[in-house]
Amino acid sequence: MAVWRGVIARYGDRMAIRGTDRPVTLNEGGTPLIPAPRLARALGLGCELHLKYEGLNPTGSFKDRGMTAAVTDALAGGARAVICASTGNTAASAAAYAARAGMECVVLVPDGKIAMGKLAGAVAYGARVVAIDGSFDRALEMVREASDRAPVVLVNSLNEARIEGQKTAAWEIVEALGAVPDWLALPVGNAGNITAYWRGFREHHEATGQGLPRILGAQAQGAAPIVFGRRVEHPETRATAIRIGNPARWSQALEALEQSRGEILAVTDDEIFDAYRLAAATEGVFCEPSSAAGLAGLRKAVRLGRIDLEGRTVAAVLTGHGLKDPSSALDCDLRIEKVPAETEALLDLMQGAPA
Ligand SMILES: *Cc1c(COP(=O)(O)O)cnc(C)c1O
């Protein structure tokens, strides 16, 4: 393939956005689809599992696919500033693409609930980072109102261009597999990504006549409005990227689940963190905790007998990079052993079992 220049260069002719001739890009997309047989066994899935490692995007999450599209479209429309609410990754991504475009960027975040690596990105890329004493859902209401009243473009996934950019990941999976997977598993927060994948797969189906995958969505037990069918006033989970109680694209998520004969289930934080550790320890693929919710969902759905994956091909989307949230890795698995600075002591330690 020619040099990779990002998702608009590759797929712009199939994206309904303005400005595809002048993309604002950081060469996002083109992320690897990694076979994960050891993880499939560890999770007891009995399927051929592949990990779409979206943590390898330029700012460390899939949000970059949507943001190249949203910022390109905004710039082509003459915008000078963008705004978003964020649990962290949208903030980092918006800030980076705004910097690339020479635009202003304001991000609104729930105070104290953002992983350090995400905040660090947003600050480094030069955004105005504003914290509120309130939830993501409240922050989203505020930026929606602000973008109605001030000359600033909203770049949350309510922005259609975001979905147009993010749908490209579905096409990359089909290209890498040479086929449509039987199942696609992913975490669901504000439900932009499930909407985008379903749009991507549907458009592929319409263009080629090939089949459609079934979609498995996973929400955190304490933030599972779609699973339980009601808004969650005070969402709680240590998987902060999906700590959302009132998803903006709720109805589209239901549509994707219904049309694909899919499943959505709630997974506990313990189940999420277990899957998160296993992905890194069995395959060397380090994602952030929220990203592992899809894996935890697959495991749970199989265990409960809700789905049978025997002999199936499954793609699990790992939405963000593990280094975004180093404290989660260290909190749950701090196994640093100490020895005196002597080789003998090291060899002695290596003979024993790990602490
Ligand atoms: C944004 C995000 C999600 C949730 O995606 P939605 O489109 O809001 O459903 C999941 N994981 C990570 C790492 C994210 O950044």
Side-chain angles (χ1 to χ4, degrees), residues 28 31 51-57 59-67 70 84-94 96 107 109-110 113-115 117-119 121-122 135-137 139-140 155-160 162-167 169-170 184-200 215-220 223-227 235 237-254 256-257 264 267 272 275-276 279 285-297 316-325 328:
E28 62 294 315
T31 56
L51 306 174
K52 183 62 171 163
Y53 193 21
E54 288 289 274
L56 293 191
N57 277 295
T59 79
S61 83
F62 75 84
K63 301 297 198 300
D64 293 343
R65 291 179 189 275
M67 212 52 78
C84 64
S86 180
T87 61
N89 281 330
T90 300
S93 188
V107 305
V109 298
K113 303 290 182 183
I114 306 292
K118 303 178 185 183
L119 217 44
S135 66
F136 167 84
D137 303 281
L140 184 58
V155 292
N156 281 101
S157 56
L158 285 159
N159 182 322
E160 272 302 308
R162 282 278 309 276
I163 307 300
E164 287 293 303
Q166 284 166 217
K167 74 184 180 185
L184 180 92
L186 81 174
V188 177
N190 214 22
N193 215 26
I194 188 172
T195 302
Y197 270 94
W198 188 239
R199 185 181 297 177
I215 307 274
L216 183 132
Q219 298 199 291
I226 300 178
V227 177
T237 170
R238 286 186 290 142
T240 51
I242 52 173
R243 192 169 171 279
I244 292 174
N246 185 24
R249 290 191 180 263
W250 192 328
S251 62
Q252 284 105 316
L254 290 176
L257 291 164
I264 185 152
V267 286
I272 291 172
Y276 156 78
V285 179
F286 186 27
C287 62
E288 63 173 279
S290 304
S291 302
L295 295 171
V317 184
L318 301 189
T319 44
H321 202 292
L323 291 175
K324 287 269 189 168
D325 187 4
S328 280

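Whatever order the structure lists ligands and atoms in, that order sets their numbers, starting from 1. Note that these values count all heavy atoms, side chains included, but never hydrogens, waters or copies made by symmetry.
Ala256 is linked by a side-chain contact (heavy atoms from CB on, under 4.5 Å) to Ile194, Trp198, counting only residues two or more places apart in sequence or in another chain. Every residue two or more places apart in sequence or in another chain that forms a side-chain contact (heavy atoms from CB on, under 4.5 Å) with Leu254 is listed here: Ile226, Trp250. For Tyr197, the ring-ring contact (aromatic ring centres under 6.0 Å, His included) test picks out no residue, with sequence neighbours left out.
Judged by distance alone, the side chain of Arg249 and the main-chain N or O of Ser157 form a donor-acceptor pair under 3.5 Å.
Electrostatic pairing of Arg65 and Glu54 counts as a salt bridge here, judged by a charged N lying under 4.0 Å from a carboxylate O.
Shown are Arg162, Gln166, Glu28; of these, the side-chain contact (heavy atoms from CB on, under 4.5 Å) with Met67 is made only by Arg162.
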Measure from every N or O atom of ligand 1 to the protein's N or O atoms and keep only the pairs below 3.5 Å, writing each with atom names and distance to 0.1 Å.
{"from": "ligand 1", "atom 1": "7 (O)", "to": "Gly192", "atom 2": "N", "distance (Å)": "3.1"}
{"from": "ligand 1", "atom 1": "7 (O)", "to": "Asn193", "atom 2": "N", "distance (Å)": "2.8"}
{"from": "ligand 1", "atom 1": "8 (O)", "to": "Asn190", "atom 2": "N", "distance (Å)": "2.8"}
{"from": "ligand 1", "atom 1": "9 (O)", "to": "Gly189", "atom 2": "N", "distance (Å)": "2.8"}
{"from": "ligand 1", "atom 1": "9 (O)", "to": "Asn190", "atom 2": "N", "distance (Å)": "3.3"}
{"from": "ligand 1", "atom 1": "9 (O)", "to": "Ala191", "atom 2": "N", "distance (Å)": "2.8"}
{"from": "ligand 1", "atom 1": "11 (N)", "to": "Thr319", "atom 2": "OG1", "distance (Å)": "2.8"}
{"from": "ligand 1", "atom 1": "15 (O)", "to": "Lys63", "atom 2": "NZ", "distance (Å)": "2.6"}
{"from": "ligand 1", "atom 1": "15 (O)", "to": "Asn89", "atom 2": "ND2", "distance (Å)": "2.7"}

